[in-house]
Amino acid sequence: MNIFEYYLKKINKNILENKDILKLEDFESLNNVNLEIPPQQYNFDLSTNVALVLSKDNKINPMDLGTKIKRLFLKNIDHFEKIEIAGPGFLNIKLSKESMAFLINKILNIKDLYGSKKSNEKYNVEFVSANPTGPMHVGHCRGAVFGDVLSNLLSFNGNKVIKEYYINDYGNQIKNFVESVYLRIREIKYNEKFVLKENLYPGEYIKEIAEKIIKNNKNIKVDNFEDCFQELKELSLARSMELIKEDLKKLGIIHNNFFSESELIKKDLVNKSVKLLQKKNFVKEGILEPPKGEPNKNWKKVKRLIFKSTEFGDDTDRALQKNDGSWTYFANDLAYHSDKIDRKFDKLINILGADHTGYIKRISSAVLALSDRKIKLNCKVCQLVKLYKNGKPFKMSKRAGDFISAQDLLKEVNKDSIRFMMLNRSNDVELDFDFEKVKEKTKENPVYYVQYAYARINSIRRLLKIDPKDKILVNPETFSPNEFEEKIIRKIFEWPKIIESSINKLEPHKIPFYLYELSTLFHSYWSKGNEDNKYRIIENGRIKKVDTLAFINLIAIVIKNGMDILGVSLPEKM
RNA sequence: GCGUUCGUAGCUCAACUGGAUAGAGCGCCUGACUUCGGAUCAGGAGGUUGAGGGUUCAAAUCCUUCCGGGCGCACCA
């Protein structure tokens, strides 16, 4: 039940059917017509730019056209009770009380489906994909929550979504990681001092992994690194993935699929996808230009296979082979994405950290090339999280190297606050995350504000002994909302629009903002009752007006739907 | 230098993707609990949307030239 869609259809239909009366010929911009909520001071339910848009195409005065359309709508669309032309030619529309009641009852009937649309596409959302060389750090949390909520949002709309994690368990960093574990084991077993060399991992967690491995594998031999590498690699990777999964679980995130890079190598998928690209003529053999900017000592003049990504808008063509002829990370990732394409997803989405921005053109070019431009990889970037404690930049390095782990964060702040705060900002803006503020239980913390609104609603229900499952509808004949209720209805009507634009732009941050605004309307209505008896909801333990219960249920429905998407809990009491 | 992204109230951010008088929170000032949960509410002050130019009925939003911050610029992963 999206009322904007519902009435926009009626509007378009009406215009087309009466084009002669309106003296219109050109409808090129008809799909630029929109229906929105007018600014508050106008006190109308809907607003459309139809006269503005069509007057331009047909070169007529928007006010004249507006007047004609107004007359037409009032005659033909019985839900429209009053129309006013405002500003340069907007039509502001007021719905009749009966039609409002009709719409509200529809919402009360569909409940937890309110706002969802019956889409049916298959999505792959890849997110987190943190290197399995240690536990997650705080920066990963933002992308993790973002990806999870985006997935929830897409499933809410009826899509099939696979949440995927790409495990980079191949290459030099893994070797360094395993060697670090190896040396720590020797440190424990043989009392050899761990000497930190370049590329080795210093973190405390390496010791913990070493201890765990010794504990579970009493007979493990660590005499020679080469000999025990394979076994140690498996054990170490298993342990660090376990740590990562634990952190994710604490954040409320469960992936459906873990895809391993080394499996990719094992199955020879890289050769296959490079061959595929060659067949499509997107690969050349040549010598790369030396990198611009700072001179790079690693650059060598070597003939190698190169992907012609500039054909897809990349700045430069990209190497598929290293100096020694082995595949680059990119070549592997290309094979991974080729596999995604083979798995027949309609849409591919990757959530990346800000430090990977430069990689986007390359990999999305690859997807276009591999899919004959049929599939577009959509990459969303999450900007950095800056940590603060009481307004001061917060650093902590006792656990590991110099990063703050997700565990450290989870120890201080609960999951609900983390999730809400991480989303309470557009993803392409840096996020200031203050440990202390996020723990505060005041208006300054929007999580509690929304939860509190819901708790108050439940307190009303308890008082009146009402089961939330009870079906309550409004009576179209007697329906007469007061000014607070009117504002609430308009906000409730907006919900499907929020979902729609969050999905179109892949911007879930709109949801927390919306929920906050909705909660404000409720708190405001509630408090008015303390000031003026007329607005009190309950009198002598009984509800004053049955319709009010409908409003309360509407708010509860939408808050619940929204918080479910965000993955934030809603206590009945606080 | 190149790419990318951001620049909006003192601070942190929104703005339905081109719409009307640019909105919230914090902070500041003034008020509201004997009554449905004060983890709340009401009111006030606060703006040349970084700067200039362009596109049009309409620009914070699009184009362009500057200025300033972030991130990236290995054959690492």
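Computed from a predicted model, the values in this text were never measured in an experiment. Naming convention: chains lettered A, B, ... in sequence-line order (proteins, then strands); numbering from 1 in each chain. The basis for the numbers below is simple: all heavy atoms, side chains too, and nothing from hydrogens, waters or symmetry mates.
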**Q** If the glycosidic angle sits within 90 degrees of zero it is syn, else anti. Tell me which applies to B/U34.
**A**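 Glycosidic conformation of B/U34: anti.
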
**Q** What's the closest nucleotide to the side chain of A/Arg456 if the choices are B/U4, B/A20, B/G38?
**A**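 Out of B/U4, B/A20, B/G38, the nucleotide with an atom closest to A/Arg456's side chain is B/G38.
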
**Q** Specify the separation, in whole Å, of atom CG of A/Asn445 and atom C1' of B/U12.
**A**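 In whole Å, B/U12 C1' and A/Asn445 CG are 14 Å from each other.
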
**Q** Which nucleotide, B/G37, B/A20, B/A24, lies nearest any side-chain atom of A/Tyr516?
**A** B/A24

**Q** Tell me the interatomic distance from A/Arg362, atom CZ, to B/A74, atom P, rounded to whole angstroms.
**A**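 So the two atoms are 9 Å apart, to the nearest Å.
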
**Q** Checking A/Asp333 side chain against A/Tyr329 main chain: does a donor-acceptor pair fall under 3.5 Å?
**A**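 Looks like no, no N/O pair under 3.5 Å.
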
**Q** Is it true that, when you exclude A/Glu28 itself, more than 12 heavy atoms of the residues, nucleotides or ligands shown sit nearer than 6.0 Å to its CD?
**A** no

**Q** When rounded to the nearest Å, what value does the distance between C1' atoms of B/C57 and B/A24 take?
**A** 30 Å

**Q** Does a nitrogen or oxygen in the side chain of A/Thr328 sit under 4.0 Å from OP1 or OP2 of B/A74?
**A**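 For A/Thr328, the contact criterion (side-chain N or O under 4.0 Å from OP1 or OP2 of B/A74) is not met.
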
**Q** Describe, in one word, how the ring planes of A/Tyr336 and A/Tyr166 are oriented to each other, choosing from parallel (under 30°), tilted (30 to 60°) and perpendicular (over 60°).
**A** parallel

**Q** Within the 4.0 Å heavy-atom criterion, would you say A/Tyr329 contacts the bases, only the backbone, or no part of the nucleic acid?
**A**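 Contact class for A/Tyr329: base.
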
**Q** According to the Watson-Crick and G-U wobble definitions, with both distances under 3.5 Å, which nucleotide is paired to B/G38?
**A**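 Base partner found: none.
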
**Q** When you get a sec, tell me which of B/C57, B/A77, B/U21 is the closest nucleotide to the side chain of A/Tyr359?
**A**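 The nucleotide sitting nearest to the side chain is B/A77.
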
**Q** Counting side-chain heavy atoms from C-beta on, which of B/C76, B/C16, B/G37 comes nearest to A/Glu36?
**A** B/C16

**Q** For a quick test of reading the model: is some side-chain N or O of A/Tyr449 closer than 4.0 Å to OP1 or OP2 of B/C41?
**A** yes

**Q** Within the structure shown, what part of the strands sits under 4.0 Å from A/Lys437 by heavy-atom distance: base, sugar-phosphate, or nothing?
**A** nothing

**Q** So A/Glu531, base contact, sugar-phosphate only, or nothing? Heavy-atom distance under 4.0 Å.
**A**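 The residue A/Glu531 makes no contact with any strand.
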
**Q** B/A15 phosphate, OP1 or OP2: any side-chain N/O from A/Lys510 under 4.0 angstrom?
**A**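 Checking A/Lys510 against B/A15: at least one side-chain N or O falls below 4.0 Å of OP1 or OP2.
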
**Q** On the side chain of A/Ser47, is there an atom forming a donor-acceptor pair with the base of B/A20 - under 3.5 Å, no angle test?
**A** yes

**Q** With a 4.5 Å cut-off on side-chain heavy atoms, are A/Leu95 and A/Tyr7 touching?
**A**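 A/Tyr7 vs A/Leu95: side chains touch.
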
**Q** In the structure shown, which nucleotide is the Watson-Crick or G-U wobble counterpart of B/U4, with both distances under 3.5 Å?
**A** B/G70

**Q** Establish, with yes or no, whether the OP1 or OP2 oxygen of B/A14 is under 4.0 angstrom from a side-chain nitrogen or oxygen of A/Ser426.
**A**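 A/Ser426 to B/A14 OP1/OP2: side-chain N or O found under 4.0 Å.
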
**Q** Tell me whether the OP1 or OP2 atom of B/A15 has a side-chain N or O from A/His509 closer than 4.0 Å.
**A**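 For A/His509, the contact criterion (side-chain N or O under 4.0 Å from OP1 or OP2 of B/A15) is met.
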
**Q** So, OP1 or OP2 of B/A39: does either fall under 4.0 Å of a side-chain N or O from A/Tyr452?
**A**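 True: A/Tyr452 side-chain N/O within range (under 4.0 Å) of B/A39 OP1/OP2.
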
**Q** Heavy-atom count check: over 12 atoms from other residues, nucleotides or ligands less than 6.0 Å from A/Lys437 NZ?
**A** no

**Q** Should A/Phe90 be counted as stacked on B/A20, where stacking needs a ring-centre gap under 5.5 Å and an angle between planes under 30 degrees?
**A**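 Yes; by the centre-distance and plane-angle rule, A/Phe90 counts as stacking on B/A20.
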
**Q** Between the base of B/A20 and the side chain of A/Tyr42, is there a donor-acceptor distance below 3.5 Å?
**A** yes

**Q** Looking only at atom C1', what distance separates B/U48 and B/A9, rounded to whole Å?
**A**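 Each nucleotide's C1' atom is 13 Å from the other's.
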
**Q** Looking at every strand, decide which applies to A/Asn49 at a 4.0 Å heavy-atom threshold: base, sugar-phosphate, or nothing.
**A**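 Base contact.
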
**Q** Could you state the atom-to-atom distance from CD of A/Gln41 to P of B/A22 in whole Å?
**A**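 Rounding to the nearest Å, CD of A/Gln41 and P of B/A22 are 9 Å apart.
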
**Q** Give me the distance, rounded to whole Å, that separates B/C33 from B/A39 when you measure between the P atoms they each carry.
**A** 15 Å

**Q** Got A/Lys56 and A/Ser29 here, is their nearest side-chain heavy-atom distance under 4.5 Å?
**A** no

**Q** Would you mind reading off the distance between A/Gln383 atom CD and B/C13 atom P, rounded to a whole angstrom?
**A**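 After rounding, the gap between these two atoms is 11 Å.
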
**Q** Looking across every strand, which nucleic acid part, if any, lies under 4.0 Å from A/Glu507 by heavy atom: base, sugar-phosphate, or nothing?
**A**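 Here A/Glu507 touches the bases of the nucleic acid.
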
**Q** So what does A/Pro88 touch, heavy atoms closer than 4.0 Å: a base, only the sugar-phosphate, or nothing?
**A** base

**Q** Heavy atoms from C-beta onward define the side chain here; which of B/C41, B/A20, B/G37 lies closest to that of A/His523?
**A**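 For the A/His523 side chain, the nearest candidate turns out to be B/C41.
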
**Q** Look at the side chain of A/Thr357 and the base of B/G72, then say whether one donor and one acceptor between them are separated by less than 3.5 Å.
**A**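 Under the 3.5 Å cut-off, the side chain and the base do not form any donor-acceptor pair.
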
**Q** Taking only side-chain N and O atoms of A/Lys361, does any of them lie within less than 4.0 angstrom of OP1 or OP2 on B/U4?
**A** yes

**Q** Let me know the distance between CG of A/Asp416 and C1' of B/A39, rounded to the nearest Å.
**A** 15 Å

**Q** Would you mind classifying the nucleic acid contact of A/Ala354 as base, sugar-phosphate or nothing, using non-hydrogen atoms under 4.0 angstrom?
**A** sugar-phosphate

**Q** Given atom CZ of A/Arg425 and atom C1' of B/C6, what is their separation to the nearest angstrom?
**A** 14 Å

**Q** Quick one: label A/Arg462 by what it contacts on the DNA or RNA (base, sugar-phosphate, nothing), any heavy atom closer than 4.0 Å.
**A** base

**Q** Quick one: is A/Asn131 getting a side-chain N or O under 4.0 Å of the B/A77 phosphate, OP1 or OP2?
**A**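 For B/A77, OP1/OP2 do not have a side-chain N/O of A/Asn131 under 4.0 Å.
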
**Q** So, applying side-chain contact (heavy atoms from CB on, under 4.5 Å) with A/Ser365, which one of A/Asp317, A/Asp314, A/Thr310 is it?
**A** A/Asp314

**Q** Both distances below 3.5 Å, Watson-Crick or wobble geometry, any strand: find the nucleotide opposite B/G46.
**A**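 Paired with no nucleotide.
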
**Q** Identify whether any heavy atom of A/Asn168 sits under 4.0 Å from a base atom; if not, whether one sits that close to sugar-phosphate; answer base, sugar-phosphate or nothing.
**A** sugar-phosphate

**Q** So if I take every side-chain heavy atom of A/Ser527 and compare against B/G19, B/C6, B/U40, which nucleotide ends up nearest?
**A** B/U40

**Q** Rounded off to whole Å, could you give me the CE-to-P distance for the A/Met421 and B/C13 pair?
**A**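 Result: 11 Å.
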
**Q** Side chain to side chain contact (heavy atoms under 4.5 Å, CB included) between A/Asn424 and A/Phe513: does it pass, once the steps are laid out?
**A** CA-CA 7 Å; A/Asn424 203 22; A/Phe513 277 99; 3.9 Å; yes

**Q** Specify the separation, in whole Å, of atom CD1 of A/Ile37 and atom C1' of B/C16.
**A** 7 Å

**Q** When rounded to the nearest Å, what value does the distance between C1' atoms of B/U49 and B/A15 take?
**A** 11 Å

**Q** On RNA chain B, nearest-nucleotide positions of A/Asn424 versus A/Glu539: which is more 5'?
**A** A/Asn424

**Q** Nearest-nucleotide wise, let me know which of A/Leu463 and A/Asn92 is further upstream toward the 5' end of RNA chain B.
**A** A/Asn92

**Q** In terms of ring plane angle, is the pair A/Tyr201 and A/Phe177 parallel, tilted or perpendicular, where the classes change at 30° and 60°?
**A**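 Rings of A/Tyr201 and A/Phe177: perpendicular, as their planes differ by over 60°.
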
**Q** For atom P, what is the distance between B/C16 and B/G7, given to the nearest Å?
**A**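 Roughly 13 Å separates the two P atoms.
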
